Protein chains: 4
Amino acid sequence: MERAILEGVMKLLEDGVPLAELSIERVARTAGVGKATIYRRWSGKEELFVDVMRAAEPPDPVLPGTSMRDDLVALLESLRRRGLVSRSAILHNVYAQMKSSPRIWSAYHAAVVEPRRALGLDVLRRGQRDGELRADIDLELANDMFVGPMLVRAVLRPEGELPEGLAETIVDTVLEGLRPVSSTAS
Amino acid sequence: MERAILEGVMKLLEDGVPLAELSIERVARTAGVGKATIYRRWSGKEELFVDVMRAAEPPDPVLPGTSMRDDLVALLESLRRRGLVSRSAILHNVYAQMKSSPRIWSAYHAAVVEPRRALGLDVLRRGQRDGELRADIDLELANDMFVGPMLVRAVLRPEGELPEGLAETIVDTVLEGLRPVSSTAS
Amino acid sequence: MERAILEGVMKLLEDGVPLAELSIERVARTAGVGKATIYRRWSGKEELFVDVMRAAEPPDPVLPGTSMRDDLVALLESLRRRGLVSRSAILHNVYAQMKSSPRIWSAYHAAVVEPRRALGLDVLRRGQRDGELRADIDLELANDMFVGPMLVRAVLRPEGELPEGLAETIVDTVLEGLRPVSSTAS
Amino acid sequence: MERAILEGVMKLLEDGVPLAELSIERVARTAGVGKATIYRRWSGKEELFVDVMRAAEPPDPVLPGTSMRDDLVALLESLRRRGLVSRSAILHNVYAQMKSSPRIWSAYHAAVVEPRRALGLDVLRRGQRDGELRADIDLELANDMFVGPMLVRAVLRPEGELPEGLAETIVDTVLEGLRPVSSTAS
DNA sequence: GCTTAAGCGAGACGGTACGTCGAGTCTTTCT
DNA sequence: AGAAAGACTCGACGTACCGTCTCGCTTAAGC
């Protein structure tokens, strides 16, 4: 039942129904379900959307474990692919919608965002221990330096293509730095 | 008139009215204005919000022009301060709300996001010409590498404080790279 | 507008829609009117029905004034004809429905029942003064003795025909009494 | 079981629960019974109410048999007392409610109204045979002339008290007639 | 005594209507 | 002409019941 409803919502989103027209009544009608059945499980539109997001979330990426650099590439690859899912643009809107309610947002944050962030920090911690990362760096900041560029692409320019090698490019460039070699040598 | 309406909306937001309760009817009531007067100027809730955002946007940052690095710090400082504005959390929601409508979003994008991005690219282009930036780097990517970390902080962890020196830290770290010196040498 | 709604309800009733299916939503749909428009005028189903009843009420009967007996016949004729209106059976149900809410009932009572009763009492008072009625009789009781038999026919046996001369028969019989002449003489 | 449900309904009515709030769900909840148990016995709200009415109906009046007049008084006394039952006002509403469904109404009519009416006609027939009633009178009409005044009091003016001697007064007055003696002589 | 089926409470289900609210349109009245 | 005011249609909100249905659980009879 829950499954049917969640899938109904995703089907509607994929069919291009604008999020603003996604009323509970319409979801119920589409799923062939009474409104009460929805309200019995979710207390409102937002809670329902958290679950839709959770259901659409790709599985945790598999980390090769060969090096910090490779793990980071895998993590960013997962982010990139997430941005490529056909329904991505719409899911981003759902995500956006969620931010309107602090309660909802923190539920989503705890369930999805935080675990992914912890995973990144783990990788970085290991990398720092193994000497792949500058020792004096703040790990939180480092994490944002990898995740941020990928997210800004996915969120602010979703029309874009998020090309194949993007994850590698970002990881390597961030590790390397942008300063010209000559200036590094100086 | 327009001024009064926009200010009315901002006053409501500052007073902690949740965005979801910001109906046109309420805006009209608060501003002591007929609904038709609002609809005469904006075609709907979203278009109105674009203008609210535009009005709340801080002025373009002043670039010192002493170096690319200093200009970048100034740009990021402006972003950081933006995230500190008292009403920021709520404006973020407005921003989020806007993404629900592609039409609205692209209006906002063209009016606010894009100019800021162009400004950043200019700075980077100048820096690359002046040898402050690796010559082989994609400027779009470089821009995202500066902007992304700041944004990811402001959006995903808005409870945080966005401390004073953050802009400098990010700019310097991104320029420098994260790889330990020894490994760079290898 | 009010007119259109009331007439819509009556049309539905005449078309044989059972009272139980007369939801506000259906009335609105039929009248091509928003629900709010109905709720702006009536606070609920019952208040609306009071007005439907009032609108369907036949005009006050014209009293010939030639004698108390003739006036009474005219009053009862009006009652009888009321029971004959094509939609009578259904209006009776509306009437019945109204009794479920004391508030509604007393509104209807004050607007419709009481004036009619006062009219009857007037006629009787005049008749008593003119010697057409026993001097020792309670006028309230007398009124019920005329009205009661007609009502009991209309309400409890609505399938019946309520034949033409019924009003005269009742008035004359009640005035005359049922005791056989011989026993009157004794 | 049935007993428990019927008594539950009556208890609720006595406790002043307005009829409109007497949902099957509430009855079930109150009686500590599943909804299905009710639907297994009655096909809906109305059928249940018929049985509630039947159960609340006072026993058939005992006719003294000393004379038609005394029997009629006994019959009307029973009607009067019925109107005095503490829950009468509410039962009247149930009765009213029932009229909304012709099917239900005719069931109630057959089970309760008609037997009572037949009893009255019997008494009148006997009285006519024994010379206590005018020979030329329509018995149906005569019956309504006794029952009507009492009912009109009970139904239209339920706030009233229906005083002790009312039955006798009505019977005697109807038998006697309302015309002044002098005019009878003329 | 053991089982099997009927009847039970509980309550989920697809629906419909409730009464409220906001969207966006339109009309009326005033300035 | 443009504004405030507010009524209008439409449709979603979240709640309550409808009448149907499926669950386990109790309990009584039939073996």
Side-chain angles (χ1 to χ4, degrees), chain A residues 1-2 4-5 8 19-48, chain B residues 1-2 4-5 19-49 101, chain C residues 1-2 4-5 19-48, chain D residues 1-2 4-5 8 19-48:
Chain A
M1 184 88 330
E2 251 168 64
I5 293 169
L19 187 63
E21 295 180 14
L22 254 196
S23 55
I24 295 265
E25 297 220 318
R26 180 156 185 185
V27 170
R29 220 157 27 222
T30 307
V33 133
K35 277 201 294 175
T37 303
I38 296 181
Y39 280 109
R40 209 172 287 122
R41 282 160 222 280
W42 297 277
S43 77
K45 207 193 291 226
E46 298 87 4
E47 340 263 338
L48 169 57
Chain B
M1 183 90 327
E2 251 169 61
I5 293 169
L19 185 64
E21 296 179 12
L22 253 196
S23 54
I24 294 265
E25 297 217 322
R26 181 157 183 183
V27 169
R29 218 158 25 225
T30 306
V33 134
K35 280 205 290 176
T37 305
I38 295 182
Y39 280 107
R40 203 170 292 122
R41 283 159 221 278
W42 297 276
S43 77
K45 207 197 289 231
E46 298 86 3
E47 339 264 337
L48 168 58
F49 286 165
S101 159
Chain C
M1 184 88 332
E2 251 170 61
I5 294 169
L19 185 63
E21 295 179 13
L22 253 197
S23 53
I24 295 264
E25 298 220 317
R26 179 156 185 185
V27 169
R29 219 155 31 220
T30 307
V33 135
K35 280 202 292 175
T37 304
I38 296 183
Y39 281 108
R40 206 172 290 124
R41 285 159 220 277
W42 296 278
S43 75
K45 205 195 292 227
E46 299 85 4
E47 341 262 336
L48 168 58
Chain D
M1 184 90 327
E2 254 170 59
I5 293 169
L19 187 62
E21 296 179 13
L22 254 196
S23 55
I24 293 263
E25 297 218 321
R26 180 158 186 183
V27 169
R29 219 156 28 223
T30 306
V33 134
K35 280 203 291 175
T37 305
I38 295 182
Y39 280 107
R40 203 170 291 121
R41 283 157 222 279
W42 296 277
S43 74
K45 206 195 290 227
E46 298 85 5
E47 340 264 336
L48 169 57

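Owing to the predicted nature of the structure, the values given are computational and were not obtained by experimental measurement.
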Query raised in the report: Between atom CD in C:E47 and atom C1' in E:dG19, what is the gap in whole Å?
Result: 13 Å
Query raised in the report: Between atom CZ in C:R26 and atom C1' in E:dT16, what is the gap in whole Å?
Result: 12 Å
Query raised in the report: To the nearest Å, how far apart are B:L22 CG and E:dA23 C1'?
Result: 15 Å
Query - Nearest-angstrom distance from the residue atom CH2 of A:W42 to P of F:dT15 - result: 15 Å
Report summary line: In short, C:E2 meets C:W42 closest at the heavy-atom pair CG-CH2, 3.6 Å
Query - Spacing between A:E21 atom CD and F:dG11 atom P, to the nearest angstrom - result: 12 Å
Report summary line: With sequence neighbours left out, the residues meeting salt bridge (charged side-chain N to carboxylate O under 4.0 Å, His left out) with D:R40 are none
Quick one: which protein N/O atoms are closer than 3.5 Å to N/O atoms of nucleotides 5-10 of chain E? Pair and distance per line, please.
{"residue": "E:dC8", "atom": "OP1", "partner": "D:R41", "partner atom": "NH2", "Å": "2.5"}
{"residue": "E:dC8", "atom": "OP2", "partner": "D:R40", "partner atom": "NH1", "Å": "2.4"}
{"residue": "E:dC8", "atom": "OP2", "partner": "D:R41", "partner atom": "NH2", "Å": "3.4"}
{"residue": "E:dG9", "atom": "OP1", "partner": "D:G32", "partner atom": "O", "Å": "3.2"}
{"residue": "E:dG9", "atom": "OP2", "partner": "D:G34", "partner atom": "N", "Å": "3.0"}
{"residue": "E:dG9", "atom": "OP2", "partner": "D:T37", "partner atom": "OG1", "Å": "2.6"}

Query raised in the report: To the nearest angstrom, how far is A:I5 atom CD1 from E:dA12 atom P?
Result: 13 Å
**Report entry** Interatomic distance where CZ belongs to C:R29 and C1' belongs to E:dC18 [whole Å]
**Finding:** 13 Å
List the atom pairs, donor and acceptor, that lie under 3.5 Å between side-chain atoms in residues 21-34 of chain C and the rest of the protein, sequence neighbours left out.
{"residue": "C:S23", "atom": "OG", "partner": "C:R26", "partner atom": "N", "Å": "3.2"}
{"residue": "C:E25", "atom": "OE2", "partner": "C:K35", "partner atom": "NZ", "Å": "2.8"}
{"residue": "C:T30", "atom": "OG1", "partner": "C:R26", "partner atom": "O", "Å": "2.7"}

Requested in this report: Please tell me which of A:E25 and B:G44 maps to the more 5' nucleotide of DNA chain E, matching each residue to the nucleotide holding its nearest heavy atom.
Outcome: A:E25
Query - Integer-rounded Å distance: F:dG11 P and C:I24 CD1 - result: 19 Å
